[in-house]
Each structure stands twice: as C-alpha cells, then as structure tokens.
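Notes for the one structure printed next.
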Amino acid sequence: MKIAKTITELKDFLGSVARDKTIGFVPTMGYLHEGHLSLIKDAHAHNDVIIVSIFVNPTQFAPGEDLDAYPRDFDRDAQLAESAGTDILFFPNAVEIYPNGSSTFVEVEGSITGKLCGQSRPTHFKGVTTVVNILFNLINPNNAYFGQKDAQQVAVIKKMVRDLHMTVTIVVCPIVREADGLALSSRNVFLNPEERSQALVLSQSLAEAKARYNLGETKVKILKEQIINLINTMPLAAIDYVDILDFETLEDIETITSPALAAVAVRFGNARLIDNIILD
Ligand code: AMP
C-alpha cells in the first residue's frame with residue numbers, strides 16, 4: 001500500500017495506474033472500524049485500484065463541534081486499510097485540501113440538506129459536498145463507496161452527482177452493527193459503559209418501528225411517537241431529532257406509501273449518534 005500525504009504524491013501514484021483500470025474510492029475521516037472496512041472490501045471486490053482517504057474535514061464541523069476531539073489513530077488505520085485491500089491511502093492535511101485563499105464551496109440546496117442533520121448542523125453538508133467534490137476531482141474514481149449509516153449524506157451526494165452531471169457511480173453499503181445492534185461509529189469511543197448500554201435504544205426503537213410498520217401501521221405520526229417514547233425511557237438520551245421522510249427526496253410525508261427513511265440522532269454525553277432504517 002502506498003501512502004500519499006500530498007496531492008503531488010497522490011498524482012504521482014495515480015499517474016502510474018493504467019488508463020483501463022477501474023478506480024474505487026472510499027472517503028473516510030479515519031479511526032477505521034468494520035463499517036469502513038466493509039466499504040473498502042466492497043470496493044476491492046469490484047475495482048482494480050482502491051483508494052481510501054483519511055481526512056477529518058474541518059469545513060463540515062461547526063465551531064464548538066468535536067473537530068479537535070474527533071478520534072485519530074493513523075498507524076492503526078493504515079494497517080487496517082492495507083489489510084482490507086487498499087492500494088493508495090490518501091492522508092492529506094487541511095492546508096493541502098484547502099490551500100491559503102481557498103474560498104470555493106459546493107452546496108446542495110433544499111430540504112434534502114435542510115432536514116435531519118442539516119437542521120442541527122446547518123453548515124455540515126456544505127462542508128461534505130465541498131470536500132467530496134475536491135476528492136472526486138483529485139482522484140476521478142469510477143466508483144465511490146458510502147455507508148447507508150449516513151443516509152442523508154448518501155442522498156445529498158447522489159443529488160450532487162446528478163445535478164453536476166458527474167460520471168462517478170455512487171455505491172451504497174449496508175450499515176454494519178455490533179452484535180447487539182449498535183451501529184458502528186468512530187464516535188462510539190466517546191461513550192462510557194452506561195451510555196453505551198443505553199445507546200442500544202437507537203437501533204431497538206427503529207427496529208420496533210419497522211416491526212409495527214410491517215404489521216400495517218403507515219401513519220408517520222404514530223411511528224415517530226413510538227420511537228420517541230422508547231428513546232425517552234433512557235435517562236441519558238437527549239433526542240436531537242426523530243423523523244420519517246420520503247427515502248429519495250427527504251420530503252415530509254404523513255403516510256408511508258413508498259420507501260421511507262426513519263432516522264434518529266441522539267446525544268449521549270459527548271457523543272452524538274445517528275442511526276436509520278428503511279421502511280419499504
Ligand atoms: P466517516 O469516517 O464517519 O466519515 O465514514 C466514512 C464512510 O464510512 C461513510 O460513507 C460512512 O457512511 C461509512 N460508515 C461509517 N459507519 C458505518 C457503518 N457502521 N456501516 C457502514 N458504513 C459506515
């Protein structure tokens with residue numbers, strides 16, 4: 001595995017890739033876990049060359065969020081990335097990505113970025129789409145891999161790719177969970193044992209809503225209330241949002257008649273956790 005810390009090194013490595021080879025790209029913020037590795041393995045199975053980026057992107061964090069506290073362990077990440085089949089690991093610093101004078105942003109407007117995480121983190125997706133654009137421009141991948149864990153991010157990136165007529169194919173991989181159901185996240189490391197145990201309520205409340213939907217309940221208000229009530233039984237849980245929206249557009253719905261996304265964000269101490277399930 002080659003490690004590129006600068007754009008010059010990245011371009012050098014990419015220059016040695018034959019033109020007929022397919023490039024699979026997995027953007028991450030590092031502190032890799034099995035969720036990230038599932039993306040890398042999927043990329044490895046379907047592409048000739050696998051590029052993984054590790055970049056804790058400052059523009060997607062608002063002042064006061066956990067940019068500085070975000071967990072980092074490059075040596076461990078490098079080992080894991082290599083073992084999952086990475087060919088090139090791109091590990092730039094912020095000045096490399098946003099050189100002095102950088103002032104261009106890419107923003108997807110509308111309810112797709114205004115709902116859910118966009119409501120409590122209004123500048124977040126502008127940072128995400130900007131950095132993903134920069135990375136796509138540098139790497140020019142055939143396929144780029146994202147996790148369903150960040151369902152809104154997937155919807156926003158797909159919209160950006162459509163709107164800007166990009167040729168990259170966005171591949172979405174399922175949520176990888178711990179055996180007890182907690183979705184893997186780099187931020188789980190912030191949880192103390194009591195918070196960790198109560199955080200199970202995210203996946204449990206979503207699974208119960210899905211079970212009720214499968215039994216015939218299609219009213220969003222009722223399903224949302226059920227999720228909220230269950231989460232609120234956990235004394236350490238502070239709900240950021242619970243919502244059920246159209247799966248594609250993230251528009252509000254009252255009744256589920258086509259695939260819908262049930263999504264939650266809940267704070268436990270210093271960790272803000274998200275999870276979701278598709279109702280279809
Ligand atoms: P992050 O490092 O948190 O920015 O995540 C990088 C990529 O890994 C994103 O596309 C995430 O959606 C994906 N990812 C994170 N956690 C999981 C998980 N538990 N299962 C599947 N994909 C994940």
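This is a predicted model, so every value here is computed, not measured.
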What residues form a side chain to side chain contact (heavy atoms under 4.5 Å, CB included) with [X], not counting sequence neighbours?
{"X": "Ala4", "value": "Glu9, Leu10, Phe13, Phe90"}
{"X": "Pro174", "value": "none"}
{"X": "Asn142", "value": "Thr22, Ile23"}
{"X": "Ala62", "value": "Glu65, Thr123"}

Whichever hydrophobic residues join Val176 through chains of side-chain contacts under 4.5 Å: Leu184

Co-members of the apolar cluster containing Phe190 [side chain, <4.5 Å]: Tyr31, Val189

Neighbour count >12 (heavy atoms, 6.0 Å) for atom CD, Glu178: yes

When Val264, Asp150, Leu116 are each screened for side chain to side chain contact (heavy atoms under 4.5 Å, CB included) with Ile274, the one that passes is Asp150

I need the full list of salt bridge (charged side-chain N to carboxylate O under 4.0 Å, His left out) pairs touching [range], with sequence neighbours left out, sorted by first then second residue.
{"range": "residues 123-140", "value": "none"}
{"range": "residues 205-224", "value": "Lys221-Glu225, Lys224-Asp243"}
{"range": "residues 27-39", "value": "Glu34-Lys41"}
{"range": "residues 250-260", "value": "Lys115-Asp252"}

With side-chain contact (heavy atoms from CB on, under 4.5 Å) as the test, would you mind laying out the steps for Phe125 and Ile157 before giving the verdict? CA-CA 9 Å; Phe125 287 110; Ile157 300 273; over 6 Å; no

Is [X] salt-bridged to [Y], going by a charged N under 4.0 Å from an acidic O?
{"X": "Lys149", "Y": "Asp275", "answer": "no"}
{"X": "Asp77", "Y": "Arg72", "answer": "no"}
{"X": "Asp180", "Y": "Arg196", "answer": "yes"}

Counting distance only, does the side-chain N/O of Asn192 pair as donor-acceptor with the main-chain N or O of Glu195 below 3.5 Å? yes

Taking side-chain hydrogen bond (donor to acceptor under 3.5 Å, both in side chains) as the cut-off, I'd like each qualifying pair that reaches into residues 257-274, sequence neighbours left out, listed once. Ser120-Arg272, Asp240-Arg272

So which atom in Gln148 and which in Val172 form the shortest heavy-atom distance, rounded to 0.1 Å? OE1-CG1, 3.4 Å

Asn133 and Thr130 side chains, donor-acceptor separation under 3.5 Å: no

Tell me if the aromatic rings of Phe74 and Phe91 count as close, with their centers under 6.0 Å from one another. yes

One pair to check against side-chain contact (heavy atoms from CB on, under 4.5 Å): Val26 and Ile51. What are the steps and the verdict? CA-CA 6 Å; Val26 183; Ile51 305 184; over 6 Å; no

Taking only distance into account, with no hydrogens and no angle test, what donor-acceptor pairs under 3.5 Å do side-chain atoms of residues 98-105 form with protein atoms, sequence neighbours excluded?
from	atom 1	to	atom 2	distance (Å)
Tyr98	OH	Asn57	OD1	2.7
Tyr98	OH	Thr59	OG1	2.8

Contact between Ser203 and Arg177 at the side-chain level, heavy atoms closer than 4.5 Å - yes or no? yes

